A.B. asks: 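Sharing a structure, written as structure tokens. Questions coming.
Throughout, residue positions are numbered sequentially from 1 according to the sequence presented. As a basis for the values below, the full set of heavy atoms in this structure was taken, side chains included, without hydrogen atoms, waters or symmetry mates. Remember, predicted model here, so these are calculated numbers, not experimental data. As the structure lists them, so they are numbered: ligands from 1, and atoms in each ligand from 1.
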Amino acid sequence: MPANVTPEYKKAEERYLQARTLEERIKATEEMIRVAPKHKGSEKLLRTLKHRLAKLRLELEEKREKKVCRGSGPSFSVKKEGAAQVALVGLPNSGKSKILQELTSARVEVADYPFTTRYPVPGMMQFEDVQIQLVEVPAIVEGSSYGRGLGARPLSVARNADAIALVVDASDDPVKQIRILLGELDAVGVKLNCRPPKVTIEKRSSGGIEIKGAKLVEGGEIEIKRILQEHRIHNAFVVVEEPITPDEFEEALSESNVYPKGFILLNKFDAPGADEKLEKIKQEFGGMLEVLHTGEKLEDLKRRIYQQLDMIRVYTKKPDEKPAERPLVLPRGSTVLDVARSVHKDFAKELKFAKVWGSTKFPGQQVTKDYVLEDKDIVELHI
Ligand SMILES: Nc1nc2c(ncn2[C@@H]2O[C@H](COP(=O)(O)OP(=O)(O)O)[C@@H](O)[C@H]2O)c(=O)[nH]1
Ligand SMILES: [Mg+2]
């Protein structure tokens, strides 16, 4: 906390600490932003406050959304179906509806004016024998997280998805569009292709604050205690296992971040200069996000989307019978035991070994429970 804040600011902060409801916390945070010093040294403070405000507003909208009864008009929540849900997120007119239309059987209006799609629209994409749900999210603009455009509700749809496709327009400035989208997603705690920091915070009813690995947080124990205090936590056992910033610590504490998979989908690939823009995007973001584009054949694009989800298909079979027609779809890295679990929990308990066709050296090779499977493996479970 900068030492040179005004009494007004301290008052607003006090109000924030005392706030009981979400609405009160939002009001107090808005006030803190309004009265915070506006010079170079307070940029970080302002950024933290704006982040907090965006998340609080989102929380409020999610709460309101839950209160809306069924049958009261179109809804912002989309029931997950299929093996995974992929949110199509983009600026107005980036071509989200068009992509949804081409990849799924969903009927949706494609039009050259902004905000045509005002509610999320789901569609099912069939790739080979897997069904993947695509959801067109109403357009995001710079400032959506602070209430601009259609507000933060579209972002709350994105928060809920298993993966996010950043749909950008090759006839425009896609690099700028990606920056805006990443900024808005970040503001509401969506971290693409990341994993949560290795921090655990176990709240207790007494015993004060005990910290392991305090030095790994910038500012050490004092900073951790300050943050805990701000969250009105007075008793807790904290374990930090890797170097993190105070911001990251606070995020771990409020569990406000989500960690979906993410990739870029460059649309309007027929636009002049699209190839060069693709290269530029790869240079800027290639280390962090894969770049797909609509110049690919439809089936190839579907395959690429499926690959982004990092899942595998496994076909179970019984001895002397044919493999199941429909696959089980599991996260990459899943083992024989995971397959048994998803078939039946009793199965998992009694599992002895399995025979696998596909990734093994020999067809029908016997493997142990911890054998890691690959896409399209056939598995015969033995109990
Ligand atoms: N040239 C070209 N135009 C496209 C493409 N995809 C969409 N559009 C046009 O871009 C406009 C916006 O498309 P739409 O799918 O409604 O965008 P949304 O607002 O992101 O859902 C429409 O006029 C579309 O015809 C494309 O691949 N190439
Ligand atoms: Mg649309």
A.B. asks: Linking I/L/V/M/F/W/Y whenever any side-chain heavy atoms sit under 4.5 Å apart, do Leu265 and Leu298 land together?
C.D. replies: yes

A.B. asks: Do we see a donor-acceptor contact under 3.5 Å between the side chains of Asn267 and Ser94?
C.D. replies: no

A.B. asks: Does the side chain of Leu17 reach to within under 4.5 Å of the side chain of Glu230, using non-hydrogen atoms?
C.D. replies: yes

A.B. asks: Around ligand 1, what residues show up once you keep those with a heavy atom under 4.0 Å from it?
C.D. replies: Asn93, Ser94, Gly95, Lys96, Ser97, Lys98, Val110, Ala111, Asp112, Glu136, Asn267, Lys268, Asp270

A.B. asks: Taking NZ, NE, NH1 and NH2 as the nitrogens, is one of them in Arg332 or Glu374 under 4.0 Å from a carboxylate oxygen of the other?
C.D. replies: yes

A.B. asks: Taking 2.8 Å as the upper limit, name the protein N, O or S atoms near the Mg ion (ligand 2).
C.D. replies: Ser97 OG, Thr117 OG1, Glu136 OE2

A.B. asks: Could you state the interatomic distance from CD (Glu59) to CG (Leu22), rounded to the nearest 0.5 Å?
C.D. replies: 5.0 Å

A.B. asks: Only pairs at least two apart or in different chains count here, so list each ring-ring contact (aromatic ring centres under 6.0 Å, His included) that has a residue in residues 257-279.
C.D. replies: Phe269-His293

A.B. asks: Do Asp129 and Tyr315 meet the criterion of a side-chain donor-acceptor pair at a distance under 3.5 Å?
C.D. replies: yes

A.B. asks: To the nearest 0.5 Å, what is the distance between CD on Gln366 and CD on Glu380?
C.D. replies: 10.0 Å

A.B. asks: Would you tabulate the side-chain donor-acceptor contacts of residues 198-222 under 3.5 Å, counting partners in other chains and residues two or more places apart, or write 'none'?
C.D. replies:
| residue | atom | partner | partner atom | Å |
| --- | --- | --- | --- | --- |
| Arg204 | NH1 | Glu210 | OE1 | 3.4 |
| Glu221 | OE2 | Lys225 | NZ | 2.8 |

